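Hydrogens, waters and symmetry mates play no part in the numbers below; they use all other heavy atoms, side chains included. Worth saying up front: this structure is predicted, and the values here are computed from it rather than measured.
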Amino acid sequence: LLAIGSGAKAALPALLKRADAATAHLERRARLYGAVATLDPASKEVADVLLAAVGNPDAGVKSAAATAIARLDPLPHDALTKLVAMATTD
């Protein structure tokens, strides 16, 4: 999908749904987080899914989401706040 470039944005809603699924394995979630952040780094929907994942109790999910958040451009203000809080508490 990433090789397709902006044409892959049509797949974004389905990817976001899968990335947000609690049943997805960590490796799959991490790849999906990276993909959606790369496909549309300015998307509010992408930021919302990633910010919700930062609140997940699983450290692997948090880390994968935080890594993907770094790809967002522009970085939402609430993302920076959550990342700073995560860095000081987790």
Side-chain angles (χ1 to χ4, degrees):
L1 282 174
L2 295 178
I4 296 172
S6 63
K9 282 188 182 181
L12 199 56
L15 292 173
L16 288 173
K17 187 174 182 179
R18 288 192 174 266
D20 201 24
T23 58
H25 294 284
L26 175 59
E27 184 178 326
R28 178 175 287 162
R29 285 177 103 171
R31 284 184 284 159
L32 284 167
Y33 292 160
V36 297
T38 300
L39 282 174
D40 197 355
S43 166
K44 177 167 177 21
E45 292 81 12
V46 169
D48 289 345
V49 166
L50 296 176
L51 288 171
V54 168
N56 190 294
D58 183 290
V61 172
K62 283 184 182 188
S63 177
T67 299
I69 285 172
R71 296 180 183 178
L72 299 180
D73 186 23
L75 183 65
H77 178 47
D78 50 338
L80 183 57
T81 302
K82 281 195 175 189
L83 290 175
V84 169
M86 188 175 120
T88 59
T89 60
D90 293 334

In terms of heavy-atom contacts, K82 and L51 come closest through NZ-O, 3.4 Å

Closest contact, heavy atoms only, A66 versus V54:
N-CG2, 4.2 Å

Atom pair CG/CG of L83 and D78 - distance to nearest 0.5 Å:
10.0 Å

Going from CG on L80 to NE2 on H77, what distance comes out if it is rounded to the nearest 0.5 angstrom?
7.0 Å

Please report the closest heavy-atom contact between V49 and A19, naming both atoms and the distance.
CG1-CB, 4.4 Å

Once you round to the nearest 0.5 Å, how far does NZ of K62 lie from OG1 of T67?
13.5 Å

Between T89 and A85, is there a donor-acceptor pair closer than 3.5 Å when you use the side chain of the first and the backbone of the second?
yes

Which heavy atom of N56 sits nearest to which heavy atom of R29, and what is that distance?
ND2-NH1, 3.8 Å

Write out all pairs satisfying salt bridge (charged side-chain N to carboxylate O under 4.0 Å, His left out) with one or both partners inside residues 48-58, taking only residues at least two apart or from two chains.
K44-D48

Between A37 and L72 the two heavy atoms that sit nearest each other are CB-CD2, 4.2 Å

At their closest point, which heavy atom of V46 faces which heavy atom of D40, and how far apart are they?
CG2-O, 3.9 Å

Exam field: side chain R71 to backbone G34, donor-acceptor pair closer than 3.5 Å:
yes

Between OH on residue Y33 and CG on residue L16, distance to nearest 0.5 Å:
10.5 Å

To the closest 0.5 Å, what do you measure between NZ (K17) and CD (E45)?
15.0 Å

